[in-house]
Student: 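Take this structure first; my questions come after.
Because only heavy atoms are used, hydrogens play no part in the values below, and waters and symmetry mates are left out as well, while side chains stay in. Note that the numbering runs from 1 along the sequence shown for the chain.
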Amino acid sequence: MQNDGLPITGSRPHARPARDQLSELLADLVKRTPDMLQALLASGDGIKLAHTMDVDEADNLAALISPMYGLVRAQFAGAEGGVRQIVAEHDAGCLFISSAGVQSRNEELVGTLLAVVTAPQADAGQVAFEMGRFIKSLEDHLLVGARRNLVSGDGL
């Protein structure tokens with residue numbers, strides 16, 4: 001059996017969970033972008049995948065951005081292309097939401113959303129650039145399995 005030069009020890013090497021790795025990448029995004037405060041990666045149906053904020057904040061933001069994105073996407077349903085970014089401005093800062101995993105034609109997969117929260121003085125162009133760079137670097141890894149609706153009587 002091929003082992004790619006790794007010693008066979010009878011157990012798998014300890015790998016960090018993918019969510020931890022994504023959270024570290026998000027933390028790096030926040031650190032390198034001036035005035036970016038927090039970041040969240042969520043499935044298109046509102047489930048947090050990775051984040052730089054506390055768990056409750058991440059759950060709330062994930063649940064918020066999915067319908068926001070859906071409303072904007074519905075507004076442009078007849079237009080070619082897709083929603084690239086939504087920006088909400090507030091005196092306390094801005095919320096940027098971007099599509100992070102290309103929406104697949106495969107119904108078994110859904111795209112992901114990247115949301116970042118910034119300070120009010122953040123440079124919107126720089127934030128958008130860094131978000132785009134982050135998404136481009138991970139694009140192939142940002143599709144997730146769709147949740148299925150369970151029909152009554154399925155034994156659950």
Side-chain angles (χ1 to χ4, degrees), residues 12-77 81-152 154 156:
R12 303 181 103 183
H14 295 286
R16 289 187 333 248
R19 286 184 188 216
D20 289 349
Q21 293 174 14
L22 280 173
S23 290
E24 288 175 15
L25 292 171
L26 284 174
D28 183 56
L29 171 67
V30 170
K31 186 169 36 169
R32 77 169 178 260
T33 309
D35 299 314
M36 187 180 287
L37 305 174
Q38 300 172 330
L40 166 82
L41 192 60
S43 66
D45 57 357
I47 304 298
K48 72 177 181 300
L49 302 173
H51 54 89
T52 63
M53 58 198 71
D54 76 38
V55 173
D56 288 338
E57 278 183 290
D59 284 333
N60 289 335
L61 187 56
L64 172 77
I65 65 172
S66 178
M68 283 180 70
Y69 184 81
L71 286 170
V72 174
R73 193 173 70 200
Q75 173 61 36
F76 294 98
V83 177
R84 289 186 297 273
Q85 188 172 66
I86 301 166
V87 180
E89 294 183 67
H90 188 277
D91 291 339
C94 294
L95 169 64
F96 292 78
I97 305 167
S98 291
S99 175
V102 176
Q103 192 66 29
S104 174
R105 294 191 191 276
N106 179 345
E107 292 180 12
E108 298 293 317
L109 299 173
V110 295
T112 55
L113 300 172
L114 173 63
V116 300
V117 178
T118 69
Q121 69 274 12
D123 179 335
Q126 181 69 31
V127 170
F129 173 80
E130 293 296 342
M131 289 175 72
R133 195 167 96 172
F134 178 86
I135 291 165
K136 185 85 169 150
S137 71
L138 295 173
E139 196 166 41
D140 294 339
H141 305 285
L142 296 178
L143 289 172
V144 296
R147 291 187 292 162
R148 297 200 178 261
N149 289 333
L150 296 176
V151 178
S152 179
D154 281 349
L156 297 175

Student: Apply side-chain contact (heavy atoms from CB on, under 4.5 Å) to L26 and L114, showing your working.
Tutor: CA-CA 10 Å; L26 284 174; L114 173 63; 3.7 Å; yes

Student: If you take all heavy atoms of Y69 and S99, which pair is closest and at what distance?
Tutor: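 Closest pair (atom of Y69, atom of S99, distance): OH-CB, 3.4 Å.
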
Student: Within a 6.0 Å radius of atom CZ on R32, are there more than 12 heavy atoms belonging to other residues, nucleotides or ligands?
Tutor: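 Counting neighbours around CZ of R32, more than 12 heavy atoms of other residues, nucleotides or ligands fall under 6.0 Å, so yes.
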
Student: Main chain of A63, side chain of S66: is a donor-acceptor contact present, judged purely on distance under 3.5 Å?
Tutor: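 Checked: no pair found.
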
Student: Between atom CD1 of I135 and atom OG1 of T112, what is the distance when rounded to the nearest 0.5 Å?
Tutor: 7.5 Å

Student: Rounded to the nearest 0.5 Å, what separates atom CG in D54 from atom CG in D59?
Tutor: 9.0 Å

Student: Heavy atoms only: give me the nearest G125-D123 pair and the separation to one decimal.
Tutor: N-OD1, 2.9 Å

Student: So which heavy atom on V30 is nearest to which on M36, and how close?
Tutor: CG1-O, 3.3 Å

Student: Give me the atom names and distance for the closest heavy-atom approach of I65 to A42.
Tutor: CD1-CB, 4.1 Å

Student: Taking all non-hydrogen atoms of both residues, which atom of D35 and which atom of Q121 are closest, and how far apart?
Tutor: OD1-NE2, 3.1 Å

Student: Kindly indicate whether the side chain of M53, heavy atoms from C-beta on, has any atom under 4.5 Å from the side chain of K48.
Tutor: no

Student: Could you go through the side-chain contact (heavy atoms from CB on, under 4.5 Å) check for L95 and L61 one step at a time?
Tutor: CA-CA 10 Å; L95 169 64; L61 187 56; 4.0 Å; yes

Student: Please check if the side chain of T52 supplies one atom and the backbone of A39 the other of a donor-acceptor pair under 3.5 Å.
Tutor: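 Indeed, once roles are kept as given, a pair shorter than 3.5 Å links the two residues.
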
Student: For the residue pair L25 and L41, establish whether any side-chain heavy-atom pair is separated by less than 4.5 Å.
Tutor: no

Student: For a 4.5 angstrom cut-off between non-hydrogen side-chain atoms, does E24 reach D28?
Tutor: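 No, their side chains stay 4.5 Å or more apart.
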
Student: Measuring from atom CD of Q85 to atom CE of M131, what distance do you get when rounded to the nearest 0.5 angstrom?
Tutor: 5.5 Å

Student: Determine whether L138 and L22 make a side-chain contact, defined as any pair of heavy atoms from C-beta on separated by less than 4.5 Å.
Tutor: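 They are in side-chain contact.
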
Student: Rounded to the nearest 0.5 Å, how far apart are CD1 of I97 and CG of L64?
Tutor: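 Result: 6.5 Å between the selected atoms.
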
Student: Within a reach of under 6.0 Å around CD of E89, are more than 12 heavy atoms found that belong to other residues, nucleotides or ligands?
Tutor: no

Student: Grab the two heavy atoms, one from T118 and one from L37, that are nearest each other, plus how far apart they are.
Tutor: C-CD1, 3.7 Å

